[in-house]
Amino acid sequence: MRKALVAGNWKMNGTRASTGELCKGIADGMAALGGVDVLVCPPSILISTAATALANSGVMIGGQDLDTNPGGAFTGQTSAEMLLDAGCKDVIVGHSERRQFYGDTDVLVAEKTQVALDAGLIPIVCLGESQAEREGGVTEEIVGRQLNAVLDKVGIAAFSSAVIAYEPVWAIGTGLTASPEQAQDVHAFIRRMLADKDQSVADQCRILYGGSMKPGNAVELISKPDIDGGLIGGAALASEDFLGICSAA
Ligand code: PGA
């Protein structure tokens with residue numbers, strides 16, 4: 001049985017004050033939750049604030065991205081070591097906004113996944129097709145290509161701990177959600193790809209759905225057999241909404 005994971009991706013939102021309030025709201029709601037892992041991924045500059053505010057709450061902290069270099073002259077970047085030192089256990093890699101706006105290619109996403117694993121961080125590897133790709137009927141081709149790039153680099157065994165997030169780009173921040181059936185189809189496809197390499201890893205690997213998940217649609221999405229939780233953007237910025245999704249999971 002895979003334990004559900006609900007991860008909040010706060011993206012480029014928050015101040016120290018608002019982060020403190022959001023963390024307090026989440027921490028206060030944790031006692032009522034059971035059987036679900038809860039993770040928040042603040043912007044790098046707010047990770048320490050969140051780590052302090054969430055100490056002993058049971059909420060895990062993750063990064064939103066990492067650099068492939070261990071350190072040095074890379075202006076603006078954050079290393080795996082810095083994330084670990086700030087209290088992170090996980091890191092998102094290959095989010096569609098990174099792929100779209102910052103040039104993260106399949107090859108770079110695979111390298112970032114490897115660097116995260118080598119450092120002892122759990123990567124949350126994001127995959128997903130654009131609207132045009134879905135309409136063109138190439139969803140599996142795109143998601144398969146993105147996943148294979150990572151599998152070829154890190155190997156199947158890594159996915160006994162690494163997490164996958166299926167996030168259709170057309171559903172991110174748009175209010176459009178993949179139907180539970182559409183999401184389940186792609187999740188099952190991803191799990192079959194893993195199973196082709198190793199059935200027991202496929203059975204263990206958590207595959208999250210992301211894209212306009214809210215308290216109102218979380219139950220029907222997460223109750224699908226291959227959907228093991230959510231990667232939440234907008235709804236992760238209000239503690240009641242985020243906790244609503246956690247309790248659905
Ligand atoms: P959303 O974002 O929940 O606001 O659609 C999800 C994500 O980008 O991870």
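These values consider heavy atoms only, across backbone and side chains, with no hydrogens, waters or symmetry-generated copies. Just follow the structure's listing: the first ligand is 1, and inside any ligand the first atom is 1.
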Original post:
Between Arg98, Arg99, Lys112, which is the residue that forms a salt bridge (Lys or Arg N to Asp or Glu O under 4.0 Å) with Asp106?
Top reply: Arg99

Subject >> Contact check, side chains of Met193 and Val143, non-hydrogen atoms, under 4.5 Å >> reply: no

**OP:** Return a yes/no value for Glu97: is any of its N or O atoms, backbone included, closer than 3.5 angstrom to an N or O of ligand 1?
**Re:** no

**OP:** Return yes if some donor-acceptor pair links the side-chain N/O of Thr177 with the main-chain N/O of Ser212 below 3.5 Å, else return no.
**Re:** yes

Original post:
Within the structure, does Gly233 bring an N/O atom to less than 3.5 angstrom of an N/O atom in ligand 1?
Top reply: yes

**OP:** May I ask whether Ala235 places a heavy atom under 4.0 Å from ligand 1?
**Re:** no

Subject >> Enumerated ligand 1 atoms positioned under 4.0 Å from heavy atoms of Asn9 >> reply: 9 (O)

**OP:** Report, in ascending order of atom number, the atoms of ligand 1 lying under 4.0 Å from any heavy atom of Gly211.
**Re:** 5 (O)

Original post:
Out of Asp203, Asp226, Asp185, which one pairs with Arg191 under the salt bridge (Lys or Arg N to Asp or Glu O under 4.0 Å) rule?
Top reply: Asp226

Subject >> Nearest-option assignment for atom 5 (O) of ligand 1, heavy atoms, candidates Gly234, Gly173, Pro168 >> reply: Gly173

Original post:
Which atoms of ligand 1 are found less than 4.0 Å from any heavy atom of His95?
Top reply: 7 (C), 8 (O), 9 (O)

Original post:
Is there any N or O on Lys11 that sits under 3.5 Å from an N or O of ligand 1?
Top reply: yes

Original post:
Would you say Arg145 has more than 12 foreign heavy atoms packed within less than 6.0 Å of its CZ?
Top reply: yes

Original post:
Using 30° and 60° as the class limits, which term best fits the ring planes of His187 and Tyr209: parallel, tilted or perpendicular?
Top reply: tilted

Subject >> Shared hydrophobic cluster, Leu5 / Leu194 (ILVMFWY, side-chain heavy atoms < 4.5 Å) >> reply: no

**OP:** Identify, by atom number and element, the atoms of ligand 1 in contact range of Glu167, meaning under 4.0 Å from any of its heavy atoms.
**Re:** 6 (C), 7 (C), 8 (O), 9 (O)

Original post:
In ligand 1, which numbered atoms sit nearer than 4.0 Å to a non-hydrogen atom of Ala171?
Top reply: 5 (O)

